[in-house]
Novice: 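Submitted below is the structure of interest, expressed as structure tokens.
FYI, side chains are in, hydrogens and waters are out, and symmetry mates aren't considered; it's all heavy atoms of this structure.
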Amino acid sequence: MSNLLTSFIQTNQPLIEETLHDLIKDIKAPQPLKDAMLYSLQAGGKRIRPLYTLAVLKELDYQNEDALIVASTIEMIHTYSLIHDDLPAMDNDDLRRGKPTNHIVFGEALAILAGDALVTIAFGIIARLQNISPQLKVDLIEKLSFSAGAEGMVGGQVLDMLGEGQTLNLEQLEEIHVNKTGALLSYSILAGAIIANVPGEIMSALKKYAFHIGLAFQIQDDILDVEGTSEQLGKTAGKDLKSEKNTYPSILTIEGAKKELQNQYNQAFQALENVQMHNGLLVEFANYITKRSK
Ligand code: IPE
Ligand code: IPE
Ligand code: MG
Ligand code: MG
Ligand code: MG
């Protein structure tokens, strides 16, 4: 990782951890529910999505007191998606972020409800912010809702599930990945652009960058499922083959998947180059996304 990105992450990750904790610790909810929410939230994810929102704002040289909170709400929704993704009815995993999955510790019912609570609170937290205009808050809430829901992540998870045991073509696989992972990851990039209220040309470039990074992120997740170990990943490796999932390696071979990853990176880079944003943090972040080992 470059020095620029390393120091950015070292500065911002602790702030995200603190914000997540502060946002949940005082809510008026039954203690077992709060425990289950905090267990997964604080299990130590990479925090890529909130970091991305903040990285975009840094690149744009724009400061907003509520940015950390907006960024943290994305991590809440991401964490909810992982809790549900791991349930027996879905991927049936018992290891996540290096720890037993939520339902293993708290039982299925509380795990489902902790997920429900994380996703629903995220929208209310944005609605209450004081330092972002009502118009931009509605924009954030609308885009978050569609990225996370039936037209985004939830829809993608359904296609992923329906595709198990079937042989899909590349176009169908791309549709799954763009939705189940790309949509929320892309939103995390666009949230920074929305907060900064960027002009149309920059928004279009960042949208293109976000689309390709979102897809690249899941391609690398598929590659790591094949090449990584459970210890390294903090989640069960080799799971996709066992579950007969359609993945980039399963359809294109591992070499083909790596080539496609590079192709997506190149397109993301080009989008930045078009608006002269190809020398800073967002390129470093793209490098990290495509080369990460966990
Ligand atoms: C894993 O996401 C699930 C996918 C959408 C591929 P991350 O790799 O960002 O997981 P954490 O948050 O670091 O645990
Ligand atoms: C997850 O995809 C996408 C989500 C919306 C959570 P995966 O099922 O591949 O994620 P991991 O590998 O379990 O983290
Ligand atoms: Mg899954
Ligand atoms: Mg899974
Ligand atoms: Mg995976």
Novice: Do D93 and T236 get their side chains close enough for a donor-acceptor pair, meaning under 3.5 Å?
Specialist: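 Yes, because at least one side-chain N or O of D93 sits under 3.5 Å from a partner of the opposite role on T236.
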Novice: Using the side-chain contact (heavy atoms from CB on, under 4.5 Å) definition, which of the options T53, N12, D22, I16 pairs with L68?
Specialist: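 For L68, the side-chain contact (heavy atoms from CB on, under 4.5 Å) test succeeds with only one of T53, N12, D22, I16, which is I16.
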Novice: Taking K245 first and then D91, would you say they form a salt bridge - that is, a charged N and a carboxylate O separated by under 4.0 Å?
Specialist: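 Looking at K245 and D91, the cut-off is met.
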Novice: Once you measure the plane-to-plane angle for F285 and Y52, does it fall in the parallel (<30°), tilted (30-60°) or perpendicular (>60°) bin?
Specialist: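 Plane angle under 30°, so parallel.
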Novice: Answer yes if the side chains of Q270 and N266 hold a donor-acceptor pair under 3.5 Å, and no otherwise.
Specialist: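 N266 and Q270 do not have a side-chain donor-acceptor pair below 3.5 Å.
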Novice: Checking D35 against Q31: is there a side-chain donor and acceptor pair closer than 3.5 Å?
Specialist: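 Judged by distance alone, the side chains do pair up.
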Novice: With rounding to the nearest 0.5 Å, note down the distance linking CG in L41 to NZ in K34.
Specialist: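 Rounded to the nearest 0.5 Å, the CG-NZ separation comes to 12.5 Å.
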Novice: I'd like to know if the side chain of Q157 pairs up with that of D160 as donor and acceptor (distance under 3.5 Å, no hydrogens or angles considered).
Specialist: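 Result is no, nothing qualifies.
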Novice: Are K180 and D85 within salt-bridge range, i.e. N to O under 4.0 Å?
Specialist: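 Looking at D85 together with K180, the answer is no, because their closest N to O distance does not fall below 4.0 Å.
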Novice: Between atom CG of N197 and atom CD1 of I202, what is the distance when rounded to the nearest 0.5 Å?
Specialist: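 Result: 12.5 Å between the selected atoms.
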Novice: Cluster question for you: counting only ILVMFWY and a side-chain heavy-atom cut-off of under 4.5 Å, with indirect links fine, are I112 and I77 together?
Specialist: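 No, no single cluster joins them.
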Novice: Could you please spell out the steps behind the side chain to side chain donor-acceptor pair (under 3.5 Å) verdict for T247 and D240?
Specialist: CA-CA 7 Å; T247 64; D240 294 337; 5.3 Å; no
Novice: Salt bridge (charged side-chain N to carboxylate O under 4.0 Å, His left out), that's the test. Do D86 and K235 meet it? Break it down for me.
Specialist: CA-CA 10 Å; D86 290 333; K235 60 186 185 184; over 6 Å; no
Novice: Charged N to carboxylate O below 4.0 Å: is that the case for D225 and K239?
Specialist: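 Salt bridge between D225 and K239, a charged N being under 4.0 Å from a carboxylate O: no.
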